[in-house]
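Structure record follows, encoded as structure tokens.
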Amino acid sequence: MLRQKIIILAVFFVLVAPVAAYIEQFGFGFWSEPSEWSELGGYIGGIYTPILTILTLLILSVQIYLQVIQHRQNLIVHQEKQLDDYIKELNCELDIEVQKGLTLRNYLNEIFRDVDLKSVNQLDPGVLFGINEKHYKLFSMWCGATGCLKAMKNYSTFKNLESAHYLVQKNRVIAYLNPQVCRTLDKFNYALTMHSRSKGVDVKIDINLYEFWNASAGK
């Protein structure tokens, strides 16, 4: 509020000061000579044209800045909604029983609990592709969820527009699914991608996407 008052006073001073200076120096009245009015008009035009031009540029800059903030906020809201849909679908899929009394969540945790970056290639590809065939949502939904987080990470690190959206949503995913499941899904997606590449499927692996697992540290 104080900043707005200072800005208003500054603009008022900039607009009034030239007229006040002219009146102080030359006086003001209803002159009879056209040349005197012409001199006043030339003075006002010469002073206020650049001032108004600068003010116009400042206003446009503020509008563009506000539009950038609004656009970023819209993108974040869209990603948050998509992320919410992904983790709800994942949670439902993970609660499916693969055997009596054994959910997919626990089954995957058992397979991937002790897997690290070195041993991931030793996993049975038949088991991995079998899981993916029966539960195809796991791979696609987790890719979508991590993609949303990566997008929010980029939006949250804009220069001078930093925010905590990414960290908040990442912690929300961890709280919703639990840390072990997040690491397991990272390992499953990484393992499936690696074995798909070995079969000639052209897919790229971005090790930085697996930050729940911390694969870049080899753990």
Checking Trp142 against Asp186 for the side-chain contact (heavy atoms from CB on, under 4.5 Å) test, could you report, in this order, the C-alpha distance in whole Å, the side-chain angles of both residues, the deciding distance, and whether it holds?
CA-CA 8 Å; Trp142 189 243; Asp186 263 358; 2.8 Å; yes
What distance do Arg183 atom CZ and Asn178 atom CG have between them, rounded to the nearest 0.5 Å?
8.0 Å
Keeping the roles fixed (side chain from Lys187, backbone from Phe112), state whether a donor-acceptor pair exists under 3.5 Å.
yes
Is the shortest heavy-atom distance from the side chain of Ile111 to the side chain of Val115 under 4.5 Å?
no
Separation between CG (Leu66) and OG (Ser61), nearest 0.5 Å, reads 10.5 Å
Are more than 12 heavy atoms, taken from residues, nucleotides or ligands other than Asp114, located less than 6.0 Å from that residue's CG atom?
no
Measure the spacing between CD of Gln169 and CG of Leu83 and express it to the nearest 0.5 Å.
5.5 Å
Measure from NZ or CZ of Lys170 to the centre of the six-membered ring of Phe212, then state whether that distance is under 6.0 Å and the direction lies within 45° of the axis.
yes
What are the two closest heavy atoms between Phe129 and Ser196, and how far apart are they?
CE2-OG, 3.7 Å
side-chain contact (heavy atoms from CB on, under 4.5 Å) between Asn91 and Val181: does it pass, once the steps are laid out?
CA-CA 10 Å; Asn91 205 44; Val181 170; over 6 Å; no
NZ of Lys153 to NZ of Lys150: how many Å apart, nearest 0.5 Å?
9.0 Å
Arg113 to Gln180 - nearest heavy-atom pair and separation
CA-NE2, 4.2 Å
Looking at Leu108, Val98, Leu94, which one forms a side-chain contact (heavy atoms from CB on, under 4.5 Å) with His135?
Val98
Calculate, to the nearest 0.5 Å, the distance between atoms OG1 and CD1 belonging to Thr103 and Ile96 respectively.
10.0 Å
Walk me through whether Gln70 and Asn74 qualify under side-chain hydrogen bond (donor to acceptor under 3.5 Å, both in side chains).
CA-CA 6 Å; Gln70 184 61 47; Asn74 291 339; 3.1 Å; yes
Side chain of Asp84, backbone of Glu80: donor and acceptor closer than 3.5 Å?
no
When rounded to the nearest 0.5 angstrom, what is the spacing between CG in Leu149 and CD in Gln82?
11.5 Å
